[in-house]
Amino acid sequence: MLESIIKTLNEPQKEAVLYDDGSVLVLAGAGSGKTRVLTTRIGRLILTGTANPRSILAVTFTNKAAKEMLLRISSMVSHDLRGVWIGTFHSLCHRMLRMHYKDANLPQNFQIMDMQDQLSSVKRLLKTLNVDPEIILPKDVQRFINNAKEQGLRYSEIEDVSDFNRQFIELYEAYDIQCQKEGTVDFGELLLRSLELLQRHDELRKHYQNRFDHILIDEFQDTNSLQYKWICLLSDLDTSVFAVGDDDQSIYAFRGADVSNMAKFEHEFKVKKTVRLEQNYRSHGHILDAANELIKNNPSRLGKNLWTDSESGDPIRVCESVDDNNEATWVIEEIHSFLKENVSPSEIAILYRSNAQSRVFEHCLSQNGIKYRVYGGFRFYDRAEIKNALAYLRLLDNSDDDNAFLRIVNFPPRKIGTKTIETLQELAKINSCSLYKAINFMEEKRSKALRLFMGIIEDLRIETCNLSLPNLIDLSLKNSGLIEHYSSEREGVDRLENLKELVTAGAGFSFSEKIEDNVPSNVGIGSDQSTSRSQDVTDIIFADELKENLSPLAAFLSNAILDSGESQAEVGEEAVQLMTIHAAKGLEFERVFIVGLEEGLFPHENSLNEFGGLDEERRLMYVAITRAKKNLFLSYTQMRKLYGQYRYNRKSRFLEEIPEENLHWVSQGPKQKVSQNYHSGREENFFISEGGISSKRGELSSNIVDKRFRVGVEVRHPKFGEGIILNVEGIEQDCRIEVRFTNGDIKWLALAIAKLEIN
DNA sequence: CTACCAGTCCTTTTT
DNA sequence: GGACTGGTAG
């Protein structure tokens, strides 16, 4: 069985799977079969008895990838795989913290905050500290904290280079104190706390170092320095670390990922073997050529050239549309013809740079009766009604959770206003306790409404203590008044549906599946008797330790926040796939549409100001292109609605970086008349010629560069009328002008495209 | 206290 | 176009 799988591998793949002499770095290009290599390697370790399943730790980038990997391995081996640690950095660290919560100095029922929770937590902090949120933006504080944590730094470890900086450091400290008090933990904290746990507890660290002989990391180019340190702590001299990555697919620098970890790893882990996987099994020639040529524009790559045996296939089709609606129409027309040819809809993907772009496509798809599925974006667990319901559950599980408290103390409305909350917050501050507990410090008659609320929670706590998870959720929804509230709301039907779904999710959440480990728990500080057993701690088995530490409700809540809510429309659902390019990483589709290829959108204008930002955008484009197996479509528009206003853009520079011979420029068909709404005359510049093929790039540029367009000058636009220039930025092709028109509208226009005249 | 309105900023990308 | 804030009337 194993033999026959290995036979199908190419030479470098085989090397990677079979290598047994220390740590390995695998440079795996897109579509070169890296998932196969990873799973086959794990399968081999287990099947040949080289490694005990429980000595394997595999880190993936998403929960989805983790599930997929586990599935593939279990199809290869008959062993019990529950001892294998597979998951994202976050889920693995979470697991570790749950098991060793005492040593990590966390309450047993600590709760995870998502980004929204974290932001409101910061806002609350600023308020209690009397910091003006106009001067110090909560978002910036959040960013500062997260950046620091991603680098593994506590507030005390950050250099205070300026007064301004010091303020952030102080806020970071205060924030951590607040979280500790409330028993909440943000994403970065999961990792940092876990790292510190390992740093401070020698027995524990040794235990894990002894336990894990094989550490495998997928998407290594996307690890940040904190994650790197975590891996270092878990490995000792005998550990074989198998890191797979592709520097060309590093697209998470904005979140602290550091490609240099690859070179660092090679050096620090004394890697004797570096394997390059360069044969691509996924894409046709034109697609691969385009990707290769594009990425050559990036400096400082580790260097790698993908090649393929397969035929060159159809050239990449490129379409220019008048606006975003037309773009969607074109895409849907193409999809329609595929569906007629019986292409499975799930093999068709629409990829875009930012979530906001999905709306037009969703609308168009549903109008045409095509089933689709959107990944990411607003997720199930992000919906307001779900968050409200979860807040009740969280408060039930941990009444110190002030975030949850504030969210629902007056929802549904129960006559508790800002005034009441403010006095409550003061009482909480004086007595240094949670808001919930502070209710008891308030005089009876002022806190009537609050005590009523408390009553609801306390009754619920008693009534639900013996209920199953779905029943518990169901009763909470009823007693909280949420059901009643949404029933009376005009548009509440959908919300009620979603709440029902939450109960279903609770029923489907089988907690027992999550119990999969035997590890010593709470060694050292925190549990007094444990000192005696910490000596021979290594292989003591504490069955179901995790289960004891975590109630089903708490497990459900953690899962809801960590798992990005892939709850709807599961497996086998035949639907067109919509997602951001980031979300598409690691996936592949037969037909791929990359839309919105315009300067400012992709590459995104914000990225241009960041160091290395453009290179990262280009890698993002590279990732997008290499998702396609058979057909690739590129699309851009002349104007697009953004923030409710039309905005002109030039086509993306990435289009210029793809060789002409791989492209086939197409026109949009008879629908082009629409254009006359926007431009009077001079249509010839806008449309690709009748034959449908045009290669005249940049033809619009040379004659329009004009110094007369300056701030304050009055201009006229054929569609929008007269206006005054507020702003000019960029030069030549990139020149954009901000105009306030007489009707009050303010728009950014690309000078190369908009038909502006001096008035 | 609630309900509603107007004004402001904004969006990259995610565990 | 939407989320969020602040102000005002009932």
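Per chain, numbering begins at 1; letters A, B, ... match sequence-line order.
Which of dT12(B), dT14(B), dC1(B) sits closest to the side chain of N606(A) comes down to dT12(B). Set against dT13(B), dT15(B), dC4(C), the side chain of S354(A) has dT13(B) as its closest nucleotide.
Here the side chain of D186(A) pairs no donor or acceptor atom with the backbone of Q118(A) at under 3.5 angstrom.
Remark: ring of H604(A) overlaps the six-membered base ring of dT12(B) in a stacked fashion, centroids less than 5.5 Å apart, planes less than 30° apart.
N224(A) has no side-chain polar atom (N or O) that falls below the 4.0 Å cut-off from OP1 or OP2 of dT15(B). Between N410(A) and dT2(B) there is a side-chain polar atom (N or O) within less than 4.0 angstrom of OP1 or OP2. For T60(A), no side-chain nitrogen or oxygen approaches OP1 or OP2 of dT15(B) to under 4.0 Å.
Atom CG in L126(A) sits about 15 Å away from atom C1' in dT5(C), given to the nearest Å. Between M621(A) atom CE and dT13(B) atom P the separation is 18 Å, expressed in whole Å. The distance from atom CG of L137(A) to atom C1' of dC9(B) is 10 Å, rounded to the nearest whole Å. F254(A) has its CZ atom 6 Å from the P atom of dT14(B), to the nearest Å. In this structure, CG of L620(A) is placed 10 Å from C1' of dT12(B), rounded to the nearest angstrom. Going from atom OH of Y375(A) over to atom P of dT13(B) covers 19 Å, rounded to whole Å.
Using a 4.5 Å heavy-atom cutoff, the side chains of L294(A) and F654(A) are in contact.
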Decide side chain to side chain donor-acceptor pair (under 3.5 Å) for N261(A) and T223(A); before the verdict, give the C-alpha distance in whole Å, the side-chain angles of both, and the deciding distance to 0.1 Å. CA-CA 7 Å; N261(A) 278 348; T223(A) 51; 3.1 Å; yes

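Among the heavy atoms of the strands lying under 4.0 Å from K139(A) are primed sugar atoms or P, OP1, OP2 only; no base atom is included. L601(A) comes within 4.0 angstrom of no nucleic acid atom, judged by non-hydrogen atoms across all strands.
Here R640(A) pairs with E598(A) in a salt bridge; the nearest charged N to carboxylate O distance falls below 4.0 Å.
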